[in-house]
*Asks:* 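Supplied in structure tokens, the structure appears directly below.
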Amino acid sequence: MRSRVRDRQTVYLTKLTETRSGIDLVLSYSKPVKYTVTVSKTGGMPEEIYAGIVPDYDRSITAYDGTFSPDEGDLLYVDVTPELDGNGDLVLSDGIPTVRPDYKVVRRISTAKSRIWRFGIKKNG
């Protein structure tokens with residue numbers, strides 16, 4: 001049986017916001033927040049695949065408390081670690097992080113009645 005505590009790994013969540021400055025589009029990244037959650041090795045649960053549901057995500061994240069609640073489109077550092085400065089902000093080069101986020105949240109899979117939250121994530125490419 002899988003252990004909820006043993007299978008956890010550290011991920012960093014950051015939000016990307018786009019603002020307009022005249023005709024220019026300015027991208028800004030929020031300060032990454034560190035979470036410890038369970039990340040699957042593959043996408044789709046066996047019961048979804050058996051039911052014929054083809055997942056549109058590569059992997060999933062399972063959270064057992066309400067502290068991890070990303071929005072669709074948020075960026076994640078799952079298999080890589082972000083490069084941070086002394087203040088905890090991302091180190092940027094020409095407005096782009098030196099270590100880019102490797103995953104993006106594409107959907108919320110959880111139900112409203114359970115205390116377990118699942119999120120589908122897709123590899124950035």
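The figures that follow rest on heavy atoms only: side chains count, while hydrogens, waters and symmetry mates do not.
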*Asks:* Scan side-chain atoms only and decide if Ser28 and Thr17 contain a donor-acceptor pair under the 3.5 Å cut-off.
*Replies:* yes

*Asks:* Mind checking whether Val99 and Leu84 sit in one hydrophobic cluster, side chains of I, L, V, M, F, W, Y counted as touching below 4.5 Å?
*Replies:* yes

*Asks:* Working to the nearest 0.5 angstrom, can you tell me the gap between Leu27 CG and Glu18 CD?
*Replies:* 5.5 Å

*Asks:* Enumerate the ring-ring contact (aromatic ring centres under 6.0 Å, His included) contacts for residues 13-38, please, sequence neighbours excluded, ordered by first and then second residue.
*Replies:* Tyr35-Phe68

*Asks:* Kindly indicate whether the side chain of Arg107, heavy atoms from C-beta on, has any atom under 4.5 Å from the side chain of Ile109.
*Replies:* yes

*Asks:* Taking the side chain as C-beta and beyond, is there a heavy-atom pair between Pro97 and Leu92 under 4.5 Å?
*Replies:* yes

*Asks:* Using the side chain to side chain contact (heavy atoms under 4.5 Å, CB included) rule, take Gln9 and Val78 through it: C-alpha gap first, then chi angles, then the decisive distance, then the call.
*Replies:* CA-CA 8 Å; Gln9 84 180 61; Val78 177; 3.4 Å; yes

*Asks:* CG of Asp74 to CG of Leu16: how many Å apart, nearest 0.5 Å?
*Replies:* 9.0 Å

*Asks:* I'd like to check Leu90 versus Pro32 (side-chain heavy atoms, cut-off strictly below 4.5 Å). Are they in contact?
*Replies:* yes

*Asks:* Partners of Asp71 by salt bridge (charged side-chain N to carboxylate O under 4.0 Å, His left out), sequence neighbours excluded?
*Replies:* Lys15

*Asks:* Hey, does Leu75 have a side-chain heavy atom less than 4.5 Å from the side chain of Asn124?
*Replies:* yes

*Asks:* Look up atom CG in Asp58 and atom NZ in Lys122, then write down how far apart they are to the nearest 0.5 Å.
*Replies:* 5.0 Å

*Asks:* Could you note down all residue pairs passing ring-ring contact (aromatic ring centres under 6.0 Å, His included) where residues 76-99 supplies at least one of them, sequence neighbours left out?
*Replies:* none

*Asks:* Can you tell me how far apart OG (Ser93) and CD (Glu83) are? Round to the nearest 0.5 Å.
*Replies:* 10.0 Å

*Asks:* Report yes if some heavy atom in the side chain of Pro70 is under 4.5 Å from a heavy atom in the side chain of Phe119; otherwise report no.
*Replies:* yes

*Asks:* Flag yes if Leu76 and Val33 sit in one hydrophobic cluster, no otherwise; membership is Ile, Leu, Val, Met, Phe, Trp, Tyr, and two members link when side-chain heavy atoms are under 4.5 Å apart.
*Replies:* yes

*Asks:* Are Leu13 and Val91 connected in the hydrophobic side-chain network, where two residues link if heavy atoms are under 4.5 Å apart?
*Replies:* no

*Asks:* Among residues at least two apart in sequence or on other chains, which ones pass salt bridge (charged side-chain N to carboxylate O under 4.0 Å, His left out) with Asp79?
*Replies:* Arg59

*Asks:* What's the spacing between Asp102 CG and Lys104 NZ if we round to 0.5 Å?
*Replies:* 13.5 Å

*Asks:* So, Asp85 side chain and Asn87 main chain: donor-acceptor pair closer than 3.5 Å or not?
*Replies:* yes

*Asks:* Linking directly or through intermediates, with side-chain heavy atoms under 4.5 Å: list the remaining ILVMFWY members grouped with Leu25, chain and number order.
*Replies:* none

*Asks:* Just wondering, are more than 12 heavy atoms of other shown residues or ligands nearer than 6.0 Å to NZ in Lys34?
*Replies:* no

*Asks:* Check which hydrophobic residues are tied to Val26 through side-chain heavy-atom contacts below 4.5 Å, counting indirect links as well, and list them.
*Replies:* none

*Asks:* Is any side-chain heavy atom of Thr14 closer than 4.5 Å to a side-chain heavy atom of Tyr12?
*Replies:* no

*Asks:* Nearest 0.5 Å please: distance from the OG atom of Ser40 over to the OH atom of Tyr57.
*Replies:* 8.0 Å

